[in-house]
Amino acid sequence: MTSKEYMEQGDQYLLHTYNRFKIVLEKGDGVSLYDVDGKRYLDFAAGIAVFAFGYNNKEYNDAIKAQVDKLIHTSNLYYNVPAVEAAKKVCETTGLDRVFFTNSGTEAIEGALKLAKKYAYNRDGVADHEIIAMEHSFHGRSIGALSVTGNAHYQDPFKPLVSGIRFAKFNDLESVKAQITPKTCAIILETVQGEGGIYPADPEFLEGVRKLCDEHDIVMILDEIQCGMGRTGNMLAYEEYGIKPDVVTVAKALGCGIPVGAFVANEKVGNAMVPGDHGTTYGGNPLACAAVCEVFRLFETTDILTHVKETAKYLEAQLNSLVDKYDFITARRGKGLMQGLVVTKPVGEIVSKAIGNGLLIISAGSDVLRFVPPLIITKEDIDEMMSLLTKTLDSFQ
Ligand SMILES: *Cc1c(COP(=O)(O)O)cnc(C)c1O
């Protein structure tokens, strides 16, 4: 079939929840993707911050193939080798104690919210607790995760959502304080807001939230589904802030393409859940966890975090030069290889044009160009990105 035919068939049979860009991707290699016509794209989206080690990574592919031949699935009624190994890695890396594997980021959020509620229920002997979430946050599309996602456009058609959710302003500690009541059981926030427009938390804000949670015995949930797993130059973005959440959620780069997420809790909070409180058929299956183990092995053997820190400095400098050069680019924000450029021209049109020029970038919020490339990108890749992007931006002058 031609790409046009694939797109027609896709539009006929796929539910129309996305306005997809007009390309049909077929294969990938390193930081390049290829469509069915053989056209190459430089990928600064990484499947939305997923493919940290690039496409067609031989070691990663071999690890998955080996697991396919051994055991793909067993359910959580039994132990399996990759899940046990992956659990140890996740706990050691996050500095937390107990992990529950899920199939997606959204499900990791669901689990984290349930865990906080159960913790408060055990403590107080009653349910009906409240959760504080942030404006402009993004935590997923299921009813629970959507309930803590501070985006009216995403929420409104699906109301009523979960009750007892109060919204505060990100990076505004007083607004968080104002939402605390005796019923508050959790505060959930992203260490770096992704979907909402690439806003890193201010250190004083994150420290302040940590302190409030300690003072009121509130469960602090950090959503690092996008900013975690090396993206900011640390394994977890919160490391740089010198604080630790009670619960962290990870997904996206956790499996680098095999769908898997996790919520991870400290012992105090994690022990609130007992057999029967939560479950999943697929979550943490041997195939997904073999991917997780291989991802951690790649982090351990490649010194990628140093690479991310170095390349990020270069990327920041290049993006800053665009703020100086174009009137319609007003700011750069971000941490590590999670960067955004604020634009005053239609962001969707810029992304489309860039794709036409062979560069995959994505948007965040209503006015941000988002750069979340594979962590293995080099300075040469950044130079190529800059030339494709400049060509794109010039056409909007
Ligand atoms: C992507 C994302 C989610 C949802 O993850 P899915 O795997 O799409 O369900 C939740 N929180 C953040 C911060 C994300 O970036």
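Side-chain N/O atoms of Ser32 and Asp29 include no donor and acceptor closer than 3.5 Å. Side-chain polar atoms of Gln318 and Ser321 form no donor-acceptor pair below 3.5 angstrom. Defined by atom type and a distance below 3.5 Å, a donor-acceptor pair is missing between the side-chain atoms of Asn80 and Asn285. There is a side-chain donor-acceptor pair under 3.5 Å between Thr181 and Glu130. For the residue pair Asp35/Tyr41, the side-chain donor-acceptor check at 3.5 Å is satisfied. No hydrogens or angles considered: nothing links the side chains of Asp97 and Asn266 as a donor-acceptor pair under 3.5 Å. One side chain, Ser142 or Glu110, offers a donor N or O that lies under 3.5 Å from an acceptor on the other. For Asp383 and Tyr314, the side-chain atoms include at least one donor-acceptor pair closer than 3.5 Å. Gln226 and Arg370 share a side-chain donor-acceptor pair at under 3.5 Å.
Linking Ile, Leu, Val, Met, Phe, Trp and Tyr whenever their side-chain heavy atoms come within less than 4.5 Å leaves Leu315 and Val192 in two separate clusters. In this structure, Val250 is not a member of the same hydrophobic cluster as Ile188, with clusters built from ILVMFWY side-chain heavy atoms closer than 4.5 Å. Linking Ile, Leu, Val, Met, Phe, Trp and Tyr whenever their side-chain heavy atoms come within less than 4.5 Å leaves Ile225 and Val295 in two separate clusters. Using a 4.5 Å cut-off between side-chain heavy atoms of Ile, Leu, Val, Met, Phe, Trp and Tyr, with links allowed through other members, Val368 and Phe328 fall into different hydrophobic clusters.
Arg333 has its side chain within reach of Tyr199: a pair of non-hydrogen atoms, C-beta onward, lies under 4.5 Å apart. Counting only heavy atoms from C-beta outward, the side chains of Phe371 and Leu337 never approach each other to under 4.5 Å. Looking at Tyr241 and Pro200, their side chains come closer than 4.5 Å, going by heavy atoms from C-beta outward. At least one side-chain heavy atom of Phe44 sits less than 4.5 Å from a side-chain heavy atom of Leu42. The side-chain heavy atoms of Phe396 and Tyr326, taken from C-beta on, include no pair separated by under 4.5 Å. For the pair Asn271/Arg98, a side-chain contact is recorded, criterion being any heavy-atom separation below 4.5 Å from C-beta on. Residues Asp327 and Thr344 form no side-chain contact, since every pair of their non-hydrogen atoms from C-beta on lies 4.5 Å or further apart. Looking at Met134 and Val176, their side chains come closer than 4.5 Å, going by heavy atoms from C-beta outward.
Under the 4.0 Å criterion applied to side-chain N and carboxylate O atoms, Glu8 and Lys4 are assigned as salt-bridge partners. Salt-bridge annotation for Lys114 and Asp277: absent, with no side-chain N of the basic residue lying under 4.0 Å from a carboxylate O of the acidic one. Comment: Asp69 does not engage Lys65 in a salt bridge, judged by the lack of any side-chain N to carboxylate O separation of less than 4.0 angstrom. Salt-bridge check for Asp246 with Lys268: failed, with every basic side-chain N at 4.0 Å or more from each acidic carboxylate O. Under the 4.0 Å criterion applied to side-chain N and carboxylate O atoms, Glu294 and Arg297 are assigned as salt-bridge partners. Salt bridge present: Lys177 and Glu174 bring a charged side-chain N and a carboxylate O closer than 4.0 Å. Ion pair Lys379/Glu310 not flagged as a salt bridge, since none of the NZ, NE, NH1 or NH2 atoms sits closer than 4.0 Å to an Asp/Glu carboxylate oxygen.
A donor-acceptor contact shorter than 3.5 Å is absent between the side chain of Thr149 and the backbone of Phe138. Not a single donor-acceptor pair under 3.5 Å links the side chain of His129 to the backbone N or O of Ile131. With hydrogens and angles disregarded, no donor-acceptor distance shorter than 3.5 Å links the side chain of Gln9 to the backbone of Tyr6.
Taking the centre of each ring, Phe263 and Phe101 stay at or above the 6.0 Å mark. If you look at Phe299 and Phe53, their ring centroids are closer than 6.0 Å. Aromatic pair His278/Phe100: ring centres closer than 6.0 Å.
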| task | Assess whether salt bridge (Lys or Arg N to Asp or Glu O under 4.0 Å) is satisfied between Lys211 and Glu207, documenting all intermediate values. | result | CA-CA 6 Å; Lys211 214 156 148 256; Glu207 285 161 26; over 6 Å; no

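Other residues, nucleotides and ligands place no more than 12 heavy atoms under 6.0 Å from the NE2 atom of His153.
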